[in-house]
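Below you'll find the structure, written out as structure tokens, and then a few comments.
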2 protein chains.
Amino acid sequence: MTSYTPGMASSDDRSTRDRLLDAFEQLLVDGGGRAATLDAVAAAAGVSKGGLLYHFHSKDELVEGMLERLYDQADADVALMRAAPEGPVDFYIETSVDSGSAFDRALIAASRVAQENDSRAAAALAKVRDGWFEVLAEHLGDDPLARTIQLIGDGLYFDDSTGLRDPDALAHVREVLRRLDVL
Amino acid sequence: MTSYTPGMASSDDRSTRDRLLDAFEQLLVDGGGRAATLDAVAAAAGVSKGGLLYHFHSKDELVEGMLERLYDQADADVALMRAAPEGPVDFYIETSVDSGSAFDRALIAASRVAQENDSRAAAALAKVRDGWFEVLAEHLGDDPLARTIQLIGDGLYFDDSTGLRDPDALAHVREVLRRLDVL
DNA sequence: GTCTATATGGTGATAGAC
DNA sequence: GTCTATCACCATATAGAC
């Protein structure tokens, strides 16, 4: 698997490429897989459809490019999680509510694709989740607790991505985690 | 809002109507909004596209019919939850993992539609969730805990609907809930 | 590297036969 | 009550001009 390397593009087409992926993700987040057509992606990125198809020869390649970026973002996120001063648990639940970050957008976009029965996207999400779980389980030394916290994070993500966001959710979760002596 | 009333169909077309809604839901669950075309729904239900369009004049009406059924199923579920011998919390998390029930299918289908930016579906899901929360909060007398348990349920749902199912998840959650003295 | 055609097939919806 | 035929539109993808 060739990994996506931000600084190493062979020419200066990186910004157009990334703008296209950004637009693709945003359309997936806002309107689901149905709204993310090639026309819409090209328009949102400010290029023509032909321009898009120069960078990505098919919609499939667009998905592939998106997932490659996701893997790198996930690696960076896990590193941040391990090094977080507030500890990995607080970092994890805090970043599980949608802050509008590029990584949040990439995750929600990937889950939209996964729900259209794309096995690559589902595998990518599973791998990202495994990375988080590893850190949680290592830090807590308690699989049931780690799994439960991960489910809470999944729930926060799901609610945000379905427009069910509850502003008190994070405070409530923190309160319960304190009772469990993990915060 | 005219409610869906199983026993009161004005003629014997109820079974065809329900078969169409069943097929619509199943296609949404399996392949997302993109796969649930009118052609596919009609074929899966064993009627022609014209036959479908006799019962539902548009795709919008198909969604509407689906959400009406969902409301009634949700009312029934809340009643079961209140009366559950094992208590509402255990009932809630147990039924949050996809058992393949008609209600599970309806919920996942509705969330697929909600994620394509359909406000009716999002509102329906929010209402269903409010019903569960009310029972949880009433029973526990503890909003943070009720909200957290609800998030765990959302996480279980999300994982199932994205193909991330972990067979130990439920056991792990139960273990943690015992530590919190709710099971 | 980006754009304009254009081919091909799918998708929602209508009209009207049976 | 269900079906066939048909329409206008939108989607992905190709070929090739600039």
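Convention: sequence-line order gives letters A, B, ...; per-chain numbering from 1. Please read all numbers here as calculations on a predicted model, not as lab measurements.
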When the distance from [atom1] of [X] to [atom2] of [N] is rounded to whole Å, what number comes out?
X	N	atom1	atom2	value
B:His57	D:dG1	NE2	C1'	12 Å
A:Lys59	C:dG10	NZ	C1'	13 Å
A:Leu20	C:dG1	CG	P	13 Å
A:Arg19	C:dG1	CZ	C1'	12 Å
B:Asp39	D:dT4	CG	C1'	13 Å
B:Glu61	C:dG12	CD	P	15 Å
A:Lys49	D:dG16	NZ	C1'	16 Å
B:Leu53	C:dT14	CG	C1'	9 Å

Does a side-chain N or O of [X] approach OP1 or OP2 of [N] to a distance below 4.0 Å, or not?
X	N	answer
B:Tyr54	D:dG1	yes
A:His55	C:dT2	yes
B:Ser58	C:dG12	no
A:Arg34	C:dG12	yes
B:Thr16	D:dT2	yes

Using a cut-off of 4.0 Å on non-hydrogen atoms, how would the nucleic acid contact of [X] be classed: base, sugar-phosphate, or nothing?
X	value
A:Leu38	sugar-phosphate
A:Leu52	nothing
B:Ser48	base

Subject >> Residues A:Arg165 and A:Asp160 bridged, charged N to O under 4.0 Å >> reply: yes
Among side-chain atoms of [X] and [Y], is any donor-acceptor pair under 3.5 angstrom?
X	Y	answer
B:Arg147	B:Gln150	yes
B:Gln26	B:Asp22	no
B:Gln73	B:Asp77	no
B:Tyr157	A:Asp154	no

Original post:
On DNA chain C, nearest-nucleotide positions of B:Gly50 versus B:Ala36: which is more 5'?
Top reply: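 Result of the comparison: B:Ala36.
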